[in-house]
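Okay, structure first, notes after.
Both counts, for ligands and for their atoms, begin at 1 and track the order of listing. All values below were derived from every heavy atom in this structure, side-chain atoms included, with hydrogens, water molecules and symmetry-related copies excluded.
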Amino acid sequence: MYDLLLKGGTVLDPSTGLAGVHDVAVQGGLIARIAPDIAVTESARTIEVTGRIVTPGLIDLHAHVFEGVARNGLDPDLGGVYSGVTTIVDAGSAGAATFGAFPRHILPRCHTEIIPFLHICQTGLATNPDIIAESSVDLDDTLAVLDQYKGLICGIKARMVSPALEIMGMEMPRLARRAARESGTRLMVHIGDTEKRYDPKVIHSLLPLLEEGDILTHYFTANPGGVLDANGKLVPEAREARDRGVWFDTAHGRKNFSFDVGRRVIDQGLLPHCISTDLTVPGRIHTVHSMTEMMTRFLGLGFTLAQVVTMCTENPAKAIGAGDRLGSLAQGRQADISVLDIRDGEWVVYDVLGASLPVTKAVVPYLTVKKGQVFTPDWGPRPWGWEPDRVLPSGGSSGGCC
Ligand SMILES: [Zn+2]
């Protein structure tokens, strides 16, 4: 007898190539069977999902859920299982001095799986700016914390922003890289100097530091230090990094996502591997809203649903080294499943600069299954729920940017 049967949904799992109407049976927290017709008598509980899309559990590769310690850290389940997301990668909200609060206070009280990166700044994002002196980075202490929490910390995060770069220059990402290599983890680098003070050419010396398996995040940023040169041309180091296996993630956030930059890099052949949110408390309200809205944005940019699902399931799972456990509905995998509604209509979404993109399909979470446990998404990040701003007959929209 199965524990749970999702009946009649359209399964879309790029990792296995499965696309079509199938039933999904779950037992003991694992995917037990996927087949065109599994009898309801074989399961203790059945949920009818006809007309919905059933995908591997969505993975948000970049969000901030160190609630109560890092400024603006979101309740993990609000951005997680109650938003259709089964796994959140916390992109370096904690540093060596604050990390202990993650296993002590955050992880035990949420249903969403959290995979944390450690910030090279020892106080993480508890204060803003993060790095304010060379002493903000303590490599020995960082290595000690990486060792203490081996298997939990997924990698090291560095942010290419001022004043960190003004104080430490390239020594800052080099130290982060050393911590990643010595701990046998990976490096995730934020690009885009939100203070707009540092030399944009820094990207040329940064990208060669990244090796296969490292992650570049915010690469649709319009801030200095992005992957486009002054003439809008993709810097050659970006293509070289992609070719040697660096993951490219778009991470929206409140300051680092531009449709114009995105179109230019896509037109020049550098497609995203992952499309994370960089979700925070204010980001959820004002700019990003949700992981499913990120999916909506990329459908609007012309990607197929299968491509979009790949970018928030199979690819992020591989990027965090969990491709054998997450990001797939293959039999025997952890039963992490997202059931989504794809609605037709006329909406508009905005980037952080206020540029608009009309969209005719909106992705909305319907049901989340985490390790076999079922969660119903909450009301949604907007006053009217999950859908983006509606296009009004006047040509305006129901909401607005930022
Ligand atoms: Zn972030």
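With 2.8 Å as the limit, His62 counts as an N, O or S neighbour of the Zn ion (ligand 1). Taking backbone and side chain together, His190 holds no N, O or S atom under 2.8 Å from the Zn ion (ligand 1).
Taking the Zn ion (ligand 1) as reference, Asp278 places its N/O/S atom OD1 nearest.
For His62 and His218, the ring centers sit closer than 6.0 Å to each other.
Side chains of His273 and Asp249: no donor on one and acceptor on the other come within 3.5 Å.
Thr127 is not listed as a side-chain neighbour of Arg71, based on a closest heavy-atom distance of 4.5 Å or more. Contact check for Asp389 versus Trp347: no side-chain heavy atoms found under the 4.5 Å cut-off.
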